[in-house]
Participant: 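Mind looking over this structure? Questions follow.
Below, read A as the first sequence line, B as the second, and so on, with proteins coming before strands; counting in each chain starts at 1.
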Number of protein chains: 2
Amino acid sequence: MTTYAPQEAAARTGVSIDTLRYYERIGLIDDVPRTTGGQRVYRDDHLNWLGVLTCLRRSGMPVREMRRYAELARDGEATEDERLRILEEHREAVLASMAELRQALRVVDEKINWYRSRRSA
Amino acid sequence: MTTYAPQEAAARTGVSIDTLRYYERIGLIDDVPRTTGGQRVYRDDHLNWLGVLTCLRRSGMPVREMRRYAELARDGEATEDERLRILEEHREAVLASMAELRQALRVVDEKINWYRSRRSA
DNA sequence: CGTTGACCTGGAGCGCACTCCAGGTTGCAC
DNA sequence: GTGCAACCTGGAGTGCGCTCCAGGTCAACG
């Protein structure tokens with residue numbers, strides 16, 4: 001069973017060590033096992049879970065909601081419907097963001113073309 | 001020449017009155033003309049400029065950079081190349097965000113399907 | 001002329017998501 | 001066993017983009 005020191009876990013997830021601790025403190029990650037001396041030891045399932053978190057985070061889910069999701073995940077199968085609902089809602093939010101970006105892109109492209117045509121004139 | 005009181009300007013741009021003042025204070029908007037009593041009077045060109053700002057803002061341009069852009073715009077034609085450069089750079093940033101969202105969406109969709117298949121099982 | 005709601009200013013406060021720090025401990029390498 | 005980097009904790013600090021507030025002024029209406 002592969003294990004990872006904090007630095008290694010940070011490198012593999014793209015999340016800083018401080019943020020790893022922060023995520024643990026606020027309950028986004030379950031308490032991470034320790035060495036006898038108290039140093040954290042991450043495992044593959046931690047990294048996988050962190051992968052899910054960063055995906056949600058990067059797509060704009062607020063930490064508050066990720067927390068709710070994490071909490072439900074901790075509570076087992078009975079919460080699967082609720083978790084599905086959260087993801088479906090998030091999916092809509094992501095689609096909305098994408099639509100907003102697409103629209104902004106159109107405007108930006110227009111302006112870019114305007115500047116370019118000015119330059120070549 | 002149509003004019004707009006702050007409330008009206010806010011309503012038409014989707015930007016709060018406080019934010020309008022804030023944008024002016026930090027130099028995103030030129031000093032807005034006033035009544036003799038000192039109350040702001042917005043005009044169509046203000047609203048149009050605010051449209052550009054909100055578009056840039058919503059697509060993730062940091063205020064710092066919008067400020068730079070506004071500053072250049074104030075300085076006239078000579079800065080058009082630089083403004084074009086900023087927009088081209090922003091365009092790339094927007095495309096990158098969209099790509100990130102698309103990728104997140106794929107993961108979210110996968111998880112949604114997983115939950116759905118569990119439910120129907 | 002009085003009322004009332006919109007507006008003014010400067011500055012403080014807020015929520016978010018980290019990030020950094022001091023002062024101390026651990027653990028591996030030599 | 002000594003050195004030294006990596007790690008620990010609790011708590012303070014940061015940057016961003018607003019948002020709110022107190023205490024006062026303005027403007028349109030009846």
Participant: Starting at atom OH of B:Y23, determine the distance to atom C1' of D:dC16, rounded to an integer number of angstrom.
Facilitator: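 Rounded to whole Å, this separation is 11 Å.
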Participant: What integer distance in Å separates A:L20:CG from C:dT19:C1'?
Facilitator: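 Going from A:L20 (CG) to C:dT19 (C1'), I get 13 Å.
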Participant: Could B:R68 and B:E65 be called an ion pair, given the rule that one side-chain N must be under 4.0 Å from one carboxylate O?
Facilitator: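 The answer is no: the pair does not qualify as a salt bridge.
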Participant: Taking atom types as modelled, find out whether B:T54 and B:R58 have a side-chain donor-acceptor pair closer than 3.5 angstrom.
Facilitator: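 Note: B:T54 and B:R58 side chains miss the donor-acceptor criterion.
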Participant: Evaluate whether atom CD of A:Q103 has more than 12 neighbouring non-hydrogen atoms of other residues, nucleotides or ligands under 6.0 angstrom away.
Facilitator: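 Counting neighbours around CD of A:Q103, 12 or fewer heavy atoms of other residues, nucleotides or ligands fall under 6.0 Å, so no.
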Participant: Would you please test A:R119 and B:E80 for salt bridge (charged side-chain N to carboxylate O under 4.0 Å, His left out) and show each step?
Facilitator: CA-CA 8 Å; A:R119 200 167 51 168; B:E80 286 183 0; over 6 Å; no
Participant: Decide if atom CZ of A:R116 counts as having more than 12 heavy atoms of other residues, nucleotides or ligands within a radius under 6.0 Å.
Facilitator: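 Result for CZ/A:R116: enclosed.
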Participant: Taking DNA chain C as the partner, which of residues 62-70 of chain B come within under 4.0 angstrom of it by heavy atom?
Facilitator: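 Of all residues in residues 62-70 of chain B, none places a heavy atom under 4.0 Å from DNA chain C.
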Participant: Identify, with sequence neighbours excluded, every residue that meets side chain to side chain donor-acceptor pair (under 3.5 Å) alongside B:T19.
Facilitator: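 Only B:S16 meet the side chain to side chain donor-acceptor pair (under 3.5 Å) criterion with B:T19.
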Participant: Under 4.0 Å: is that the gap between some side-chain N or O of A:T35 and OP1 or OP2 of C:dG27?
Facilitator: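 For A:T35, the contact criterion (side-chain N or O under 4.0 Å from OP1 or OP2 of C:dG27) is met.
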Participant: Quick one: B:Y22 OH to C:dC7 C1', roughly how many Å, whole number?
Facilitator: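 In whole Å, C:dC7 C1' and B:Y22 OH are 21 Å from each other.
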Participant: For D:dT19, does OP1 or OP2 lie under 4.0 Å from any side-chain N or O of B:S16?
Facilitator: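 True: B:S16 side-chain N/O within range (under 4.0 Å) of D:dT19 OP1/OP2.
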Participant: Does some side-chain heavy atom of A:M98 sit less than 4.5 Å from a side-chain heavy atom of B:M98?
Facilitator: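 SC-SC contact between B:M98 and A:M98 ruled out.
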Participant: Rounded to whole Å, how long is the line connecting atom CD1 of B:I26 with atom P of D:dC16?
Facilitator: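 After rounding, the reported distance stands at 11 Å.
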Participant: Once each nucleotide of nucleotides 1-11 of chain D is scored for protein heavy atoms under 4.0 Å, what B/S/- sequence comes out, 5' to 3'?
Facilitator: -----SSSB--
Participant: Classify the angle between the aromatic ring planes of B:Y69 and A:Y115 as parallel (below 30°), tilted (30 to 60°) or perpendicular (above 60°).
Facilitator: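 Taking A:Y115 first and then B:Y69, their aromatic rings stand perpendicular (interplane angle over 60°).
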Participant: Whether B:T19 contacts D:dG17 is assessed here as follows: a side-chain N or O lying under 4.0 Å from the phosphate OP1 or OP2. Is that the case?
Facilitator: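 For B:T19, the contact criterion (side-chain N or O under 4.0 Å from OP1 or OP2 of D:dG17) is not met.
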